[in-house]
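Small disclaimer: the values here were computed from a predicted structure and weren't measured. Note on naming: letters A, B, ... go to the chains in the order of the sequence lines (proteins, then strands), and numbering restarts at 1 for each one.
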Amino acid sequence: MTTAAPGGTGVLDLPPLVDQHCHGVLRGELSAAAFESYLTESDRPAAAGTTFFDTQTGFAVRRWCPPLLGLAPHCTPGEYLARRRELGTAEVRRLLLGGTGIGTYLVDTGLPGDLTGAHETAEAGGGTGHEIVRLETLAERVAAGVRAAGEPGAAAEVFTAGLADAVRDAARTAAGFKSIAAYRHGLALAPEPPTTADVATAARDWLATGTPRLTDPVLLRHLLWLATGTGRPLQLHTGFGDPDLRLHHSDPALLTDFAHATAGTGTDLVLLHCYPYHRQAGYLAHAFPHVYADVGLSLGHTGPRATAVLAEFLELAPFGKLLFSTDAYALPELYTVGSAAFRTALEEVLTGWVRSGAWSETDACRIAALVGAGNARRVYGLSGG
Amino acid sequence: MTTAAPGGTGVLDLPPLVDQHCHGVLRGELSAAAFESYLTESDRPAAAGTTFFDTQTGFAVRRWCPPLLGLAPHCTPGEYLARRRELGTAEVRRLLLGGTGIGTYLVDTGLPGDLTGAHETAEAGGGTGHEIVRLETLAERVAAGVRAAGEPGAAAEVFTAGLADAVRDAARTAAGFKSIAAYRHGLALAPEPPTTADVATAARDWLATGTPRLTDPVLLRHLLWLATGTGRPLQLHTGFGDPDLRLHHSDPALLTDFAHATAGTGTDLVLLHCYPYHRQAGYLAHAFPHVYADVGLSLGHTGPRATAVLAEFLELAPFGKLLFSTDAYALPELYTVGSAAFRTALEEVLTGWVRSGAWSETDACRIAALVGAGNARRVYGLSGG
Amino acid sequence: MTTAAPGGTGVLDLPPLVDQHCHGVLRGELSAAAFESYLTESDRPAAAGTTFFDTQTGFAVRRWCPPLLGLAPHCTPGEYLARRRELGTAEVRRLLLGGTGIGTYLVDTGLPGDLTGAHETAEAGGGTGHEIVRLETLAERVAAGVRAAGEPGAAAEVFTAGLADAVRDAARTAAGFKSIAAYRHGLALAPEPPTTADVATAARDWLATGTPRLTDPVLLRHLLWLATGTGRPLQLHTGFGDPDLRLHHSDPALLTDFAHATAGTGTDLVLLHCYPYHRQAGYLAHAFPHVYADVGLSLGHTGPRATAVLAEFLELAPFGKLLFSTDAYALPELYTVGSAAFRTALEEVLTGWVRSGAWSETDACRIAALVGAGNARRVYGLSGG
């Protein structure tokens, strides 16, 4: 399977990958402008005189995807988009997702838009899907229900109880939870769980404002601790993302006190993205048994530099603590790019180390399989592999 | 032209470069000790038992410059300085500046010392010169005039009006402005423009102290917003520099709120230097259409590591958002080193990516021309190219 | 001597190395579990389903050490540990320490456990030993004596006087001092010396608590200034370590004001470890004549990535300001790994630069000898070399 997938040469003999953090793809047709807008983490237009095709992600799409649609690598964006329209959304999805070498998809379903769900995404790729539940989206949904019910007197109590139920219910089927507290407040949150009284006050205040968006730090912490209580792995956004972020407030090192506070709970923390603080994430994975780091988004957005970025992850992080993902979103192309970048970078890094005598070939193949699939299987309790 | 310039082999076929941030060179003769003192960003002597020639910049000077003066690369500092004296300042300047492949010079004229001006510098290099006006120097000059006028009662009003006029006047001819708020206060400034009342109070307080040096955060912010109002690009010092700096206060990520605040103004922000936070700068250039990053000083001071540093810039930053400069100052040698480092690093990075199939050759040449010249032409509205 | 030592090929012709920061090795036999626990900086168990052998340090031990004990590189951990037991602690120590190419050991004797002392460690390696005195351990020892004396009324005065004496006495024989303020409080300490009154109050308060562990920021600063007063080099823990640390509070950039404050004292500051802030450390070594940076722990824990990490150190830091160490602790294997990693990384980096023409071969050999031994000899005033 892996020899057919783009990226690498198959020398590491990877098992079907576990994509431990990804999103659905868009169901409808896309205009050229819309397509381009998904090549960046920014939610703003490209600067005048520039295009998002002139990025590592744009170049990586033009490297890896055209051959899967019967075109030459590095054809022009115009040629690629024309061929895409010709084939139609369904066929493009089938051709791209079918060739990634991914066997298991853990899909964060908390983003808006007409996106495929966990099982639908996995099916298109011929794999198995599981859901990752985004905590803030869950809380906002519960709050919307409470507001719609229109009993302002008991709203905070109803919300708090409803939220606890919703998290508990989600834990029954979800593979894990995800927090975007980095976006909503930054990671410099008080590490301990908030008191019941603090949660009640914060809930009352938030519901009173009528703002649908949750940014209250007490409630964000409450979500983290509700998730921690379920024992399911908790993914945390760290590092880069859209301009909504203050990058220096998303340094995973800011989670050190939270790592201390959760050390005895039996719940694993998975640091997502991490870049440009991935060495800091590697340190936390080195220092704390229950902390893991994800190499995904960083590799998909850095083109041929994925090799260097992955190598930096592999400095301090124990090899049993790194997890593959694509963080693909909206475009099936990003699944192709994310998996090809990972496969290429991993092969380049590890075979280089084998060549120099630093690693044995046996170890290289074993560690590759762990990072690509085995570690995620163990952390999320996935069968098979 | 470029094949003759040191660095690279001409395979990328670069157009004449636009050096978007540099300084004049010294007009007079230099002692050996004075020469050595310009090889470092430090304003202090070398440690006992060491020499600034034993740095990447020192080695780079000995790599690139001796052949232009008829000596072998890596000759001793003594041999090089003797040859330099023999040829004389004017001839050395002509030989070094004439061989850089730079066609356009944007010269920050705000440094003290007997330095060549924008046009004089460019002429020595056979190119065209434009001025970059340093905001703090401009404000200090206006304040000196006000103090000399000796009307303390109206001083603040006279200063504020005079400063607004001076910025407006400068914008008529200057290519852009530059702020060194990172040195004077750090980049954690309040992002919004200060109120007129706050500016008046701060101006009164500063003028009353008699200190020529401007460090007041309200006035520093006022300068940023005066410059932003002109529509000319605004260069901001970020990252490393002399020991006056608190490095962690010059992390460009601290400018995120300012980037949000200036997003609608039509003015471009150019993050200078950036190292060791150049990945953070790349993120801001990725996230905000009006944010650009300069690769200059980082390459000139890191010798053969310029290749790695440039590659890190090319991770998240869109390729239309990176700008070449030398940040050369005082020694014509630093123009040689800065341009040769850029040419060598760019060729090594891009041809490596072409060889691996990650980029097409056409794209590599196109992006090289953008980073070396085209992006700066577009951002500063320079003709030709 | 160096051609026989593992790592590199001898092409740089290194002199006997000065290991400017290391610790003793354990005197007794070790269980397999205990052995594994010393392969990480963490003080916690490996995550379920993982082993600390699956880290760069674990792989490096399996790369470099088995051949010295008559086994093939990359044999299994089980085979290695069995051979180790067979040979016995003394013989293993002799075989490993005898082959490192280290001639001088500066041993931090402030760690607990049944560890060899400075001279005993050096003797096992056939070299010369000197002591580095850990300030916090010294203060805690003085405090314990004061508490044991049981005169609570005068305790603070007795402690303060005893501490001053102890530092002065230590300076007579020690090669230098070491501070772990990064662990105990973080590096964002007020830069100036505390007043006598503040020290007296802080001493009284600490002694009253009965806590043996010193974490008071006033006393931590007092220790730094007592050490600075002796003129002996002062080593400061910066960057990564065990989970006790808040990584972002150990960024060496936080020491900038302390570097300013100590600039006139004649005492050198040596920034230890630094990772992942080693570029920041390089900047401080570039900016301040009395600041040095140590490349040790970062190389020993990053396996084949030591090459990249060392290259990053060699960007801004003047070549006369970098110092070799192993930071080895408890296992003689870590001396082997630290010195082999250094030798391999240095050779790979410098010969690469010679090959590309960036450096001359003469310079490369000269700088290698400085970083490996000469700089430390000069800074610590060691004879010979």
Side-chain angles (χ1 to χ4, degrees), chain A residues 187-188 248 251-257 259-260 263 266 268 276-292 308 310-322 349-350 352-364 366-367 370-371 374-375 377-379, chain C residues 6-7 39-60 62-64 66-67 72-76 239-251 275-279 297-299 301-309 312 340-341 344-345 348:
Chain A
L187 296 176
H248 50 302
D251 181 345
L254 297 170
L255 289 169
T256 310
D257 289 319
H260 273 286
D268 289 327
Y277 308 108
H278 43 294
R279 282 169 157 170
Q280 280 85 329
Y283 163 72
L284 290 178
H286 178 111
F288 293 95
H290 69 306
V291 175
Y292 292 78
L310 179 65
E312 289 171 354
F313 267 114
L314 286 163
E315 288 165 3
L316 274 200
F319 309 138
K321 305 302 255 345
L322 291 174
V349 171
L350 300 196
W353 292 347
V354 170
R355 238 187 342 265
S356 75
W359 284 32
S360 74
E361 201 178 320
T362 312
D363 280 333
R366 185 170 62 84
I367 299 305
L370 284 177
V371 177
N375 291 337
R377 292 206 169 279
R378 196 179 66 246
V379 170
Chain C
L39 296 176
T40 169
E41 283 288 298
S42 186
D43 54 6
R44 307 185 172 208
T50 75
T51 154
F52 289 130
F53 273 105
D54 280 352
T55 57
Q56 293 289 10
T57 309
F59 280 25
R62 289 173 48 226
R63 173 190 195 179
W64 299 113
H74 302 295
C75 68
T76 67
F240 86 113
D242 73 47
D244 214 17
L245 205 71
R246 298 305 172 273
L247 191 59
H248 51 302
H249 295 172
S250 75
D251 180 345
Y275 181 101
Y277 308 107
H278 42 294
R279 282 169 158 169
L297 186 59
S298 304
L299 306 192
H301 275 284
T302 53
R305 289 291 300 169
T307 304
V309 173
E312 289 171 354
T344 304
E348 200 168 319

Enquirer: Using the test side chain to side chain contact (heavy atoms under 4.5 Å, CB included), find all partners of C/A306 that sit at least two apart in sequence or belong to another chain.
Expert: C/L299, C/T302, C/A341, C/A345

Enquirer: Quick one: do C/Y275 and A/E315 satisfy side chain to side chain contact (heavy atoms under 4.5 Å, CB included)? Show the steps, please.
Expert: CA-CA 11 Å; C/Y275 181 101; A/E315 288 165 3; 2.5 Å; yes

Enquirer: Which answer fits A/L314, side chain, backbone, both or neither, if we ask what part of it has an atom under 4.5 Å from a heavy atom of chain C?
Expert: both

Enquirer: Give a yes or no answer on whether the side chain of C/H248 reaches the backbone of A/D251 with a donor-acceptor pair at less than 3.5 Å.
Expert: no

Enquirer: For a quick test of reading the model, state the closest non-hydrogen atom pair linking C/P276 to A/R279 and the distance between them.
Expert: CB-CB, 3.7 Å

Enquirer: Do you know the tightest heavy-atom contact between C/R63 and A/S356?
Expert: NH2-O, 3.2 Å

Enquirer: Most heavy-atom pairs under 4.5 angstrom with chain C, which of A/A259, A/A263, A/G357, A/A308?
Expert: A/G357

Enquirer: So, taking the atom named OG1 in C/T50 and the one named NZ in A/K321, what distance separates them when rounded to the nearest 0.5 Å?
Expert: 6.0 Å

Enquirer: Among A/S360, A/G352, A/A358, which has the most heavy-atom pairs under 4.5 Å with chain C?
Expert: A/A358

Enquirer: Can you tell me how far CG of A/D363 sits from CG of C/D54, rounded to the nearest 0.5 angstrom?
Expert: 7.0 Å

Enquirer: Tell me which of these, C/E348, C/R62, C/E41, C/R246, has more heavy-atom pairs under 4.5 Å with chain A than the rest.
Expert: C/R246

Enquirer: For C/F59 and A/I367, work out which heavy atoms get closest and say how close.
Expert: CZ-CG1, 3.9 Å

Enquirer: Less than 4.5 Å to any heavy atom of chain A: does that hold for the side chain of C/D242, its backbone, both, or neither?
Expert: backbone

Enquirer: Return the option, out of A/G374, A/A311, A/A317, with the maximum number of heavy-atom pairs under 4.5 Å with chain C.
Expert: A/A311

Enquirer: If we count only N and O atoms by modelled type, under 3.5 Å, do the side chains of C/Q56 and A/W353 hold a donor and an acceptor together?
Expert: no

Enquirer: Please classify the contact between C/Y277 and chain A as side chain, backbone, both or neither, with a heavy-atom cut-off of under 4.5 Å.
Expert: side chain

Enquirer: What are the two closest heavy atoms between C/P45 and A/P289, and how far apart are they?
Expert: O-CG, 3.1 Å

Enquirer: Looking only at the side chains, is there a donor atom on one of A/H286 and C/T40 sitting less than 3.5 Å from an acceptor on the other?
Expert: yes

Enquirer: Relative to chain C, which segment of A/H290 carries a heavy atom at a distance below 4.5 Å: side chain, backbone, both, or neither?
Expert: neither

Enquirer: Mind checking what makes side chain to side chain contact (heavy atoms under 4.5 Å, CB included) contact with A/A287, not counting sequence neighbours?
Expert: A/Y283, C/P243

Enquirer: Enter the distance from A/E312:CD to C/E312:CD here, rounded to the nearest 0.5 Å.
Expert: 6.0 Å

Enquirer: First locate atom CG of A/L316, then atom OG of C/S42, and finally report the distance between them rounded to the nearest 0.5 Å.
Expert: 11.5 Å

